[in-house]
Amino acid sequence: MGNAQSSWTALGCRVDVLVRDPARLEAARVAVRRVLEDVDGALSRFRPDSELCRLNASPAHRVPVGHLLGSAIEAALRAGRLTDGAVDLTVGRAMRRIGYDVDFPRVRDSGPLNLTIEPVPGWQTVRFDPANQTVERPVGVEIDLGSVGKALAADLAVVEALASSGTGVLVSLGGDLATAGEAPDEGWWIAIAEDSEIAPEDADEAIGIRGGGVATSSTTVRRWTRDGSPVHHLVDPATGLPVSGGWRTVTVVAATCVDANTAATAAIVRGRDAAEWLDTIGLPARLVSSNGEVRRVGGWPTVASR
Amino acid sequence: MQVAPTPSTRDRALERLNGLISGLTMAGLAGIVGFGFLAAVTLPGRAQPTAGSPTGTTGSVGRATIAGQPQANGSVGRRHRDDDQSGSTLPPPAQSTPGPLFQAPVQDPFSVGQGQVVTGGS
């Protein structure tokens with residue numbers, strides 16, 4: 001493949017930018033960096049000066065927000081609606097309760113985890129007014145845009161990179177991929193894995209796409225311990241506790257990275273009926289069960305193992 | 001306390017993304033009859049046909065497609081069948097956010113030997 005690629009670390013994950021025309025790589029890279037800086041300043045849950053942290057700390061019921069934070073909240077509310085609440089932006093307090101309240105490399109075992117079931121407030125408690133760019137929510141509800149936020153960042157970055165470079169672009173943020181512009185003749189080739197940190201040649205299988213986005217959610221990464229017991233970062237909004245369903249990793253292809261990420265995360269949370277649900281909504285998906293069995297649905301290529 | 005908006009390049013990116021998403025929605029419909037996806041995504045931020053616009057050809061044609069009917073590319077129309085049940089032939093209005101349903105890729109993924117970039121949990 002004749003693509004050019006640039007990689008670095010941002011938002012706590014690996015960033016990959018691939019362009020169809022190697023001469024335009026720098027323009028795309030600069031554009032992606034700019035967007036990610038803006039995203040970090042607006043959506044980070046770990047930066048006290050971010051717009052999101054200021055929103056969560058605000059004593060006001062209705063709070064004006066910038067376009068980026070507003071769009072992310074709007075996307076997260078849509079995710080809640082599309083998934084019947086399996087993806088819920090009000091998991092902020094639950095994330096803190098399980099110990100994920102700092103950048104992941106700094107997460108430490110902070111003693112026994114209180115396994116009391118505590119449903120999150122629910123995405124319906126949050127309202128976004130796009131005309132006035134304001135967010136309303138009960139004071140004290142903590143918004144976490146982690147899942148949708150990163151996917152939206154990929155979607156935004158790839159569009160900006162295309163505008164700056166004028167060539168087909170793929171942007172990956174920790175394995176959440178978005179593409180824009182004309183794909184290479186052979187398509188964009190994506191290695192499918194449970195951990196985005198592995199080398200492409202070590203992946204389980206690979207797919208080609210000619211547009212849209214790809215995202216993977218997995219309970220096998222971002223794990224830590226509480227009093228010796230394993231904990232991971234995917235919270236079930238119904239319980240406020242880490243998900244313990246039947247699928248450990250789900251990869252989805254959709255028109256945008258946000259939709260792929262939303263569906264993948266929802267599938268992990270839904271558990272047992274996730275494969276049927278993904279098939280129903282018509283998104284190509286690959287699911288890995290807790291015992292390692294793989295299931296492909298919705299148009300995912302059937303002959304893909306290497 | 002007010003959280004002041006911070007105008008910057010991200011707003012421009014949002015505008016472009018909105019254009020892209022609108023383009024994707026239109027492309028999902030247009031792809032049913034073979035209109036190109038690339039035209040939608042290579043011109044981010046371009047104006048989309050609005051309701052009543054004489055340029056709404058793609059939306060009109062896409063909506064006329066029968067749900068579940070086999071399509072030329074085999075993968076587009078069936079996933080957007082629920083976009084509109086009103087029977088209207090008007091194209092959808094330009095959207096500032098993605099539609100009410102999950103948006104499927106214009107083309108299904110296909111198997112290849114080895115990837116260049118990895119998707120995985122992070």
Side-chain angles (χ1 to χ4, degrees), chain A residues 1 13 16 34-35 38 51 54-55 58 60 63-68 71 74 82 155-156 159-160 162-163 172 174-175 177 180-182 189-191 193-196 200-201 203 206-212 214 216 218 220-221 249 251 253-255 259 263 281-284 299 301 303-304, chain B residues 1-21 23-25 27-28 31 36-38 40-45 74-75 78-82 96-122:
Chain A
M1 300 177 74
C13 63
D16 292 292
R34 275 202 306 263
V35 172
D38 288 342
E51 280 189 83
R54 285 183 285 149
L55 168 64
S58 172
V63 181
V65 296
H67 286 127
L68 181 52
S71 292
E74 195 170 30
L82 287 178
D155 283 334
L156 289 172
V159 170
E160 190 67 8
L162 171 62
S172 169
L177 313 172
E182 190 171 0
W189 289 11
I190 316 297
E194 295 196 72
D195 184 347
S196 63
E201 56 269 27
I207 59 170
I209 60 171
R210 299 196 185 282
V214 184
T216 299
S218 179
T220 66
V221 297
T249 301
T251 302
V253 182
D259 274 15
I281 63 175
L283 298 183
V303 183
Chain B
M1 186 175 114
Q2 290 197 339
V3 182
T6 310
S8 62
T9 57
R10 70 189 184 222
D11 291 338
R12 196 172 70 241
L14 276 168
E15 289 172 7
R16 288 181 173 133
L17 178 66
N18 289 337
L20 172 63
I21 290 169
L24 287 168
T25 303
F37 166 70
L38 296 177
V41 298
T42 53
L43 295 172
S75 65
R78 61 190 168 88
R79 299 217 177 87
H80 296 273
R81 59 189 179 276
D82 293 328
S96 61
T97 57
L101 299 174
F102 281 105
Q103 299 294 307
V106 170
Q107 181 178 343
D108 280 343
F110 49 93
S111 182
V112 298
Q114 179 176 309
Q116 189 173 12
V117 62
V118 178
T119 182
S122 65

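For clarity, every value in this text was computed on a predicted model and none was experimentally measured. We name chains A, B, ... by the order of the sequence lines, and we start the count at 1 in each one.
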Seminar exercise, completed: Taking every heavy atom of A:Gly282 against every heavy atom of B:Ala104, the minimum-distance pair comes out as O-CB, 3.8 Å

Exercise. Between B:Val118 and A:Ile190, is any pair of side-chain heavy atoms under 4.5 Å apart?
Worked result: no

For this session: Enter the distance from A:Ile281:CD1 to B:Phe102:CZ here, rounded to the nearest 0.5 Å.
Result: 4.5 Å

For this session: For residues B:Gly115 and A:Pro200, report the shortest heavy-atom separation together with the two atoms involved.
Result: O-CB, 3.2 Å

Seminar exercise, completed: In terms of heavy-atom pairs under 4.5 Å with chain B, the winner among A:Ile209, A:Leu82, A:Asp195 is A:Leu82

Seminar exercise, completed: Assert top hit (heavy-atom pairs under 4.5 Å, partner chain B, pool A:Ala193, A:Gly174, A:Ala191) equals A:Ala191

Exercise. Does B:Ser122 reach the main-chain N or O of A:Cys13 with its side chain, forming a donor-acceptor pair under 3.5 Å?
Worked result: no

Seminar exercise, completed: Tightest non-hydrogen contact, residues B:Val117 and A:Ser172, listed as CG2-CB, 3.9 Å

For this session: Flag the pair B:Phe110 / A:Ile207 as yes when at least one side-chain heavy-atom distance between them is below 4.5 Å, and no otherwise.
Result: no

For this session: Verify the distance criterion only: is there a donor paired with an acceptor across the side chains of B:Thr119 and A:Thr251 at less than 3.5 Å?
Result: no

Seminar exercise, completed: When every non-hydrogen atom of B:Val112 is compared with those of A:Gly208, the smallest separation belongs to CG1-N, 3.8 Å

Exercise. Nearest heavy-atom pair of A:Val253 and B:Pro109: which atoms, and what distance?
Worked result: CG2-CG, 4.1 Å

